[in-house]
Amino acid sequence: CDWSSDVCSSDLKYTFKTRYRKFTRATIWPIIQFFDSRRGRLRRFWFIPPEDIWNLHSADESYVNIDAEGNVEDILDFHSHVAITHKDGSIDIRAIDNVVDNSTIWRLDFDETIAGLTADDIARVTPAHLVRNKTDAMKERWHTDGKCDITLEFVEVLDEDTVTLICLT
């Protein structure tokens with residue numbers, strides 16, 4: 001699986017492109033089912049990039065400490081949520097409330113605690129992005145009866161809210 005991301009600089013919105021290459025029918029079927037479950041662009045979902053950009057230093061129920069790399073201001077500008085992948089495979093996603101710069105370590109404070117969280121329980125810490133499919137359709141490219149390529153594109157959802165429409169007639 002190949003993937004890439006890009007940031008649209010005007011509004012700091014991520015786009016992600018994931019290419020699944022030469023997967024078997026059995027492997028590609030759950031991906032197709034997931035796409036169908038999102039009804040194209042209709043339903044949003046959490047996307048956790050496959051890359052590890054943060055190194056875990058320590059953790060508590062209300063925060064994680066990561067090694068300081070880059071500019072601390074970029075954390076909240078580019079990443080509103082953090083994904084905590086536990087060693088048992090479960091995932092918790094929390095909004096980042098605050099970032100504390102402790103020189104070589106940055107503390108990412110959660111909006112809501114994760115009961116019993118310790119660094120020993122964590123397999124991975126990475127940004128999480130609320131996204132939706134970029135299009136309502138996807139293209140399958142079959143190399144043989146048993147090998148298929150699919151490319152999916154996601155776009156980050158910056159803000160959604162319920163609105164009231166007023167009838168002007």
Side-chain angles (χ1 to χ4, degrees), residues 1-57 59 64 66-71 74-96 106 108 110-112 114 117 119-163:
C1 159
D2 298 327
W3 87 282
S4 62
S5 67
D6 193 17
V7 177
C8 302
S9 60
S10 63
D11 55 8
L12 298 178
K13 180 168 55 174
Y14 275 92
T15 59
F16 302 93
K17 187 175 196 174
T18 304
R19 183 173 296 126
Y20 300 93
R21 295 179 179 210
K22 297 191 179 176
F23 278 45
T24 64
R25 285 183 187 274
T27 306
I28 211 76
W29 183 241
I31 297 166
I32 294 169
Q33 287 180 307
F34 179 77
F35 181 85
D36 287 346
S37 77
R38 303 296 84 206
R39 302 292 185 244
R41 294 176 289 173
L42 179 64
R43 295 187 180 136
R44 57 194 180 161
F45 57 95
W46 287 105
F47 177 71
I48 301 170
E51 66 186 8
D52 290 329
I53 66 167
W54 296 334
N55 295 315
L56 177 66
H57 187 269
V64 290
I66 59 172
D67 292 341
E69 292 184 28
N71 296 317
D74 289 346
I75 297 285
L76 289 176
D77 286 343
F78 290 95
H79 310 295
S80 61
H81 289 78
V82 60
I84 308 293
T85 304
H86 300 268
K87 289 183 179 172
D88 67 4
S90 63
I91 298 171
D92 284 303
I93 296 175
R94 295 292 186 268
I96 301 171
W106 295 336
L108 308 181
F110 306 148
D111 67 331
E112 190 180 321
I114 301 172
L117 183 67
D120 292 337
D121 301 326
I122 299 173
R124 182 171 182 242
V125 177
T126 191
H129 300 275
L130 189 59
V131 300
R132 66 177 67 250
N133 287 310
K134 190 173 182 180
T135 64
D136 287 326
M138 67 176 203
K139 188 186 297 185
E140 303 170 26
R141 181 171 174 247
W142 288 91
H143 299 281
T144 67
D145 280 348
K147 299 289 180 181
C148 175
D149 289 355
I150 291 180
T151 300
L152 299 176
E153 292 186 73
F154 316 126
V155 63
E156 188 170 31
V157 177
L158 293 180
D159 193 17
E160 289 187 343
D161 204 352
T162 303
V163 296

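Positions are given from 1 along the sequence. Not measured: the values here are computed from a predicted model.
- Atom CD1 in Ile84 sits 10.5 Å away from atom CG in Asp121 (nearest 0.5 Å).
- Under the ring-ring contact (aromatic ring centres under 6.0 Å, His included) criterion, Trp106 pairs with no residue at all, not counting sequence neighbours.
- The structure places CD of Glu69 at 9.5 Å from CD1 of Ile75, a figure rounded to the nearest 0.5 Å.
- Taking the side chain as every heavy atom from C-beta outward, Asp77 and Asn71 never approach each other to under 4.5 Å.
- Under the 4.0 Å criterion applied to side-chain N and carboxylate O atoms, Arg21 and Asp149 are not assigned as salt-bridge partners.
- In this structure, Phe47 and Thr18 have side chains that are in contact, with non-hydrogen atoms separated by less than 4.5 Å.
- Separation of atoms SG (Cys148) and CH2 (Trp142) is listed at 4.5 Å; rounding is to 0.5 Å.
- Considering every non-hydrogen atom in both Lys22 and Lys147, the closest pair reads O-CD, 3.5 Å.
- Under the side-chain hydrogen bond (donor to acceptor under 3.5 Å, both in side chains) rule, Arg41 has a single partner from Thr135, Asp136, Asn133, which is Asp136.
- Put simply, CG on Asp67 and CH2 on Trp54 are 12.5 Å apart, with the number rounded to the nearest 0.5 Å.
- Shortest non-hydrogen contact noted between Ala128 and Ile48 is CB-CG1, 4.4 Å.
- With hydrogens and angles ignored, the 3.5 Å screen pairs a side-chain donor or acceptor of Lys87 with a backbone N or O of Asp120.
- Of the residues listed (Asp36, Thr151, Ile32), the one engaging Met138 in a side chain to side chain contact (heavy atoms under 4.5 Å, CB included) is Ile32, and it is the only one.
- In this structure the side chain of Leu152 reaches within 4.5 angstrom of the side chain of Ile31, judged on heavy atoms.
- Counting all heavy atoms, side chain and backbone alike, Pro49 lies closest to Thr126 at O-OG1, 4.3 Å.
- Every residue two or more places apart in sequence or in another chain was checked for a ring-ring contact (aromatic ring centres under 6.0 Å, His included) with His57, and none qualifies.
- Between the Arg38 side chain and the Arg44 main chain, a donor and an acceptor come within less than 3.5 Å of each other.
- In terms of modelled atom types and a separation under 3.5 Å, the side chain of Arg124 and the main chain of Pro50 share a donor-acceptor contact.
- The two atoms that bring Ile150 and Ile28 nearest to each other are CD1-CG1, 3.3 Å, heavy atoms only.
- With hydrogens and angles disregarded, a donor-acceptor distance shorter than 3.5 Å links the side chain of Arg132 to the backbone of Leu42.
- Rounding to the nearest 0.5 Å places NE2 of His79 at 4.0 Å from CD1 of Ile53.
- Every residue two or more places apart in sequence or in another chain that forms a ring-ring contact (aromatic ring centres under 6.0 Å, His included) with Phe45 is listed here: Phe34, Phe154.
- Annotation: the span from Glu156 atom CD to Leu130 atom CG amounts to 8.0 Å, rounded to 0.5 Å.
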